[in-house]
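I have placed the structure first, in the form of structure tokens, so that the comments after it can refer back to it.
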Amino acid sequence: MESVRNNAAIIRANIETACKRVNRDPASIRIIAVTKYVSIERAKEALTAGITDLGENRDDGLLQKYEAIGQKATWHFIGTLQSRKVKAIIDKVDYIHSLDRLSLAREIEKRALQPVRCFVQVNVSGEATKHGLSKDEVLPFIEQLRSFSNIEVVGLMTMAPYTDDEPFLRQCFRQLKLLQQRVQALGIPNAPCTELSMGMSNDYMIAIEEGATFIRLGTSLVGKE
């Protein structure tokens with residue numbers, strides 16, 4: 001398996017290429033190493049390679065790695081979060097990428113000791129297999145969060161379909177970008193919505209060209225063990 005350092009160098013070069021095409025600053029892109037399929041040692045390799053944002057999609061995986069790595073990393077919870085699991089992870093995560101229902105928002109609000117940076121998850125493609133709000137539900141949902149002092153909606157997140165259909169992928173990412181701009185226009189104090197979490201190993205360059213600020217990379221960066 002290729003070293004994380006080598007993989008990271010290739011990815012950074014790709015990010016530069018994508019940013020150059022659309023006149024963006026590569027420094028505006030944050031790489032999240034998705035470590036759910038790799039060991040603690042491999043996750044530590046990402047830190048050594050200068051990637052300090054780590055993403056886990058299960059509470060037990062996050063807790064295990066947090067115990068070994070702690071606050072040397074910025075922690076992202078990127079999977080479906082069950083309300084009953086909030087208590088276990090809430091004081092360890094820096095970002096939650098999967099806020100998609102009021103019951104979860106209420107649990108975060110109740111358990112958090114300080115505001116938690118959240119991405120509202122949107123099912124842009126409308127695939128039945130994917131979680132997230134429909135496009136029409138996003139603005140009313142964020143309006144409902146106005147009074148939640150422990151939730152800061154920093155942005156929107158989507159998972160695009162796994163496909164080689166570039167025009168379709170672009171359309172998905174563009175729709176999320178347009179939604180983000182509509183949320184910003186609401187001017188809600190706890191929903192600045194400046195970020196877009198979109199793009200994974202197979203489509204991150206397209207996502208960057210369409211406005212991604214956080215990309216979530218697993219196989220292309222840390223691989224699979």
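Values reported hereafter were calculated over all heavy atoms of this structure, with side chains retained and with hydrogens, waters and symmetry mates removed. FYI, the numbering just counts along the sequence from 1.
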Requested in this report: Would you please test Met198 and Met157 for side-chain contact (heavy atoms from CB on, under 4.5 Å) and show each step?
Outcome: CA-CA 6 Å; Met198 59 188 197; Met157 179 275 231; over 6 Å; no

Query raised in the report: Would Ile188 and Val153 satisfy side-chain contact (heavy atoms from CB on, under 4.5 Å), going step by step from the backbone distance to the final call?
Result: CA-CA 9 Å; Ile188 298 173; Val153 179; over 6 Å; no

Query raised in the report: Between Asp53 and Tyr95, does a side-chain hydrogen bond (donor to acceptor under 3.5 Å, both in side chains) hold up when you go through it step by step?
Result: CA-CA 10 Å; Asp53 290 271; Tyr95 291 87; over 6 Å; no

Query raised in the report: Between Ile215 and Ile208, does a side-chain contact (heavy atoms from CB on, under 4.5 Å) hold up when you go through it step by step?
Result: CA-CA 8 Å; Ile215 55 174; Ile208 288 167; 4.1 Å; yes

Report task. Please assess Lys110 against Arg106 for the test side-chain contact (heavy atoms from CB on, under 4.5 Å), listing each intermediate value before the final yes or no. Result -> CA-CA 6 Å; Lys110 183 170 91 177; Arg106 289 196 186 105; over 6 Å; no

Requested in this report: I would like to know whether Glu210 and Lys177 meet salt bridge (charged side-chain N to carboxylate O under 4.0 Å, His left out); could you show each step before the answer?
Outcome: CA-CA 7 Å; Glu210 298 300 338; Lys177 177 70 182 173; over 6 Å; no

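Nearest heavy-atom pair, Thr213 versus Thr194, reported as atom, atom and distance to 0.1 Å: CG2-O, 4.5 Å. Nearest heavy atoms, Lys65 versus Ile40: CG-CG1, 3.9 Å. Nearest heavy atoms, Ser201 versus Thr219: OG-OG1, 3.4 Å. The heavy-atom pair separating Leu196 from Gly211 by the smallest distance is CD1-O, 3.6 Å. Contact record, Pro26 with Cys19: CA-SG, 3.6 Å, taken as the closest heavy-atom pair. The nearest pair of heavy atoms linking Ala8 to Ala49 is CB-CB, 4.4 Å.
Under a hydrophobic-cluster definition in which Ile, Leu, Val, Met, Phe, Trp and Tyr are linked whenever side-chain heavy atoms come within less than 4.5 Å, directly or via other members, Leu62 and Val38 are assigned to different clusters. There is a path of hydrophobic side-chain contacts, each under 4.5 Å, that joins Leu63 to Leu81. Linking Ile, Leu, Val, Met, Phe, Trp and Tyr whenever their side-chain heavy atoms come within less than 4.5 Å leaves Ile206 and Phe168 in two separate clusters. Under the 4.5 Å side-chain heavy-atom criterion for ILVMFWY residues, a single connected hydrophobic cluster contains both Leu186 and Phe141. Cluster annotation: Ile32 is not connected to Met205 through the hydrophobic network of ILVMFWY side chains, with a link wherever side-chain heavy atoms come within less than 4.5 Å.
Tested against His97, the residues His76, Gln121, Arg216, Glu195 include a single side chain to side chain donor-acceptor pair (under 3.5 Å) partner, His76.
A distance of 14.0 Å separates NZ in Lys85 from CZ in Arg111, rounded to the nearest 0.5 Å. Taken to the nearest 0.5 Å, the CE atom of Met200 stands 8.5 Å off from the CD1 atom of Ile78. One finds the CD atom of Gln114 at 9.5 Å from the CD1 atom of Ile90 (value rounded to the nearest 0.5 Å). The structure places CD of Glu2 at 12.0 Å from OG of Ser220, a figure rounded to the nearest 0.5 Å. Here CG of Asp100 is found 14.0 Å from NZ of Lys130. Values are rounded to the nearest 0.5 Å. Atom-to-atom distance recorded for Leu99:CG and Arg101:CZ is 8.5 Å, nearest 0.5 angstrom.
Side-chain contact check for Leu156 versus Phe119: every heavy-atom pair is 4.5 Å or farther apart. The shortest side-chain heavy-atom distance between Lys92 and Trp75 does not fall under the 4.5 Å cut-off. Val183 places a side-chain heavy atom less than 4.5 Å from the side chain of Leu139. When side chains are defined from C-beta on, Ile31 counts as touching Ile15, because their heavy atoms get closer than 4.5 Å. Residues Val222 and Val34 are not in side-chain contact: their nearest non-hydrogen atoms beyond the backbone lie 4.5 Å or more apart. With contacts defined as side-chain heavy-atom distances shorter than 4.5 Å, the pair Leu104/Ile108 qualifies. Using a 4.5 Å heavy-atom cutoff, the side chains of Val120 and Ile142 are in contact. Two residues are said to be in side-chain contact when any heavy atoms from C-beta on lie closer than 4.5 Å; Pro115 and Ser149 fail this criterion.
For Glu45 and Arg42, the salt-bridge test passes: some basic side-chain N is under 4.0 Å from an acidic carboxylate O. Ion pairing between Arg21 and Glu209 holds under the 4.0 Å rule for side-chain N and carboxylate O. The pair Arg170-Glu166 meets the salt-bridge criterion, since a charged nitrogen lies less than 4.0 angstrom from a carboxylate oxygen.
With Asn7 contributing its side chain and Leu221 its backbone, the two residues share a donor-acceptor pair below 3.5 Å. Not a single donor-acceptor pair under 3.5 Å links the side chain of Asn6 to the backbone N or O of Ser3. Here the side chain of Asn190 pairs a donor or acceptor atom with the backbone of Leu145 at under 3.5 angstrom. Here the side chain of Asn123 pairs a donor or acceptor atom with the backbone of Glu127 at under 3.5 angstrom. Within the 3.5 Å criterion, the main-chain N or O of Gly61 finds no donor-acceptor partner in the side chain of Gln64. Remark: side-chain polar atoms of Ser125 are not paired, donor with acceptor, to backbone N or O of Ala160 under 3.5 angstrom. In this structure, the side chain of Ser28 does not engage the main chain of Arg24 through any donor-acceptor pair within 3.5 Å. Asp59 places no side-chain N or O within 3.5 Å of a backbone atom of Ala88 that could act as its donor or acceptor partner. When atom types are taken as modelled, the side chain of Gln180 and the backbone of Cys193 share a donor-acceptor pair closer than 3.5 angstrom. A donor-acceptor pair is defined here as one N or O able to donate and one able to accept, closer than 3.5 Å; such a pair exists between the side chain of Asn150 and the backbone of Glu109.
A cation-pi arrangement is absent between Arg30 and Phe214 under the rule of less than 6.0 angstrom and at most 45 degrees off the ring axis.
Side chain to side chain, Ser39 and Glu225 meet the donor-acceptor criterion of an N or O pair below 3.5 Å.
Heavy atoms of other residues, nucleotides or ligands lying less than 6.0 angstrom from CG of Asp164 number 12 at most.
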